[in-house]
Amino acid sequence: MKKILTLVSCALLVITTGACKRKKYTEVVEVPLPSVEEKLTIGSPDDVKAESGAFELVELPFRYDALAPNIDAQTMEIHYSRQYLTFTNNLNKALSRTDSENTPIKDILKKLDLSNTELRNNLGGYYNHSLYFEVLTPKGGAAPADTLASAINRDFGSFDDFKVQFRDAANKQFGSGWAWLVVDASGKLQITNTQNQDNPLMPRSEVSGTPILGIDLWEHAYYLNYQNNRKKYIENFFRLINWKKVEENFENAIEK
Ligand code: MN
């Protein structure tokens, strides 16, 4: 009976669509799923260039994945090639409408009109990220040496005491902002925080001075890898600090 029913059904289908002529299921084509590597194509920092203007991005002398697992490749790529690039392009655009295009960035920061939100955010965003990317290295983590080591011992007691204070300042930052190691006008080292993209060179800073080391505490700097565990990101940041570069920044800051 079943056989007869099947034959009848097929006969009807042949008449209407011709569907029983072939075994169609043999023609199903498998579409391969993209591999993990294909889905997460990580580009190269060398390909990121700012649009023409007064400022360029600082070079990242390593690949986006070089800081993993302390900072993952995707976070680095988004941070450098999108966020930092956007600040740079926006700053160049904003400055092209003013007469300070050829003024050194520190002077623009010191004379900044804080009510000019567009310039404040992009100027800070550019300066802060330039410093952040400059002091990161896959070969970080050693202690500072020479004059910077002496200054840290002089102003914080010891390198370990400095680390405790810097970590505390970073951990206590509420919401988006930065924690800094700063050289003040008298050459003394101080630790401070700023909100949003502000920094200690801007007018009316709680602690004024030249930042020589900064940690980005915006969620975009760590969230993909650490989610809400900012404390762990702050802890691991110490493994990535290029102390040679921080010392260079220190020497430049006390010369002036
Ligand atoms: Mn950032």
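Numbering of ligands and ligand atoms starts at 1, following listing order. All values reported here derive from a predicted model rather than from experimental measurement. Each residue takes its place number in the sequence, starting with 1.
Within a 6.0 Å radius of CD in Glu101, more than 12 heavy atoms belonging to other residues, nucleotides or ligands are found.
Neighbouring protein atoms of the Mn ion (ligand 1) (N, O or S, distance under 2.8 Å, waters ignored): His79 NE2, His129 NE2, Asp216 OD2, His220 NE2.
Of the candidates Phe133, Phe55, Tyr132, Tyr127, Phe133 is the only one forming a ring-ring contact (aromatic ring centres under 6.0 Å, His included) with Tyr84.
Remark: Phe237 engages no residue in a ring-ring contact (aromatic ring centres under 6.0 Å, His included) (not counting sequence neighbours). By the ring-ring contact (aromatic ring centres under 6.0 Å, His included) test, Tyr64 pairs with no residue at all, sequence neighbours left out.
Electrostatic pairing of Glu235 and Lys163 does not count as a salt bridge here, judged by no charged N lying under 4.0 Å from a carboxylate O.
Membership of an apolar cluster is not assigned to Phe174, as no side-chain contact below 4.5 Å to another ILVMFWY residue is traced.
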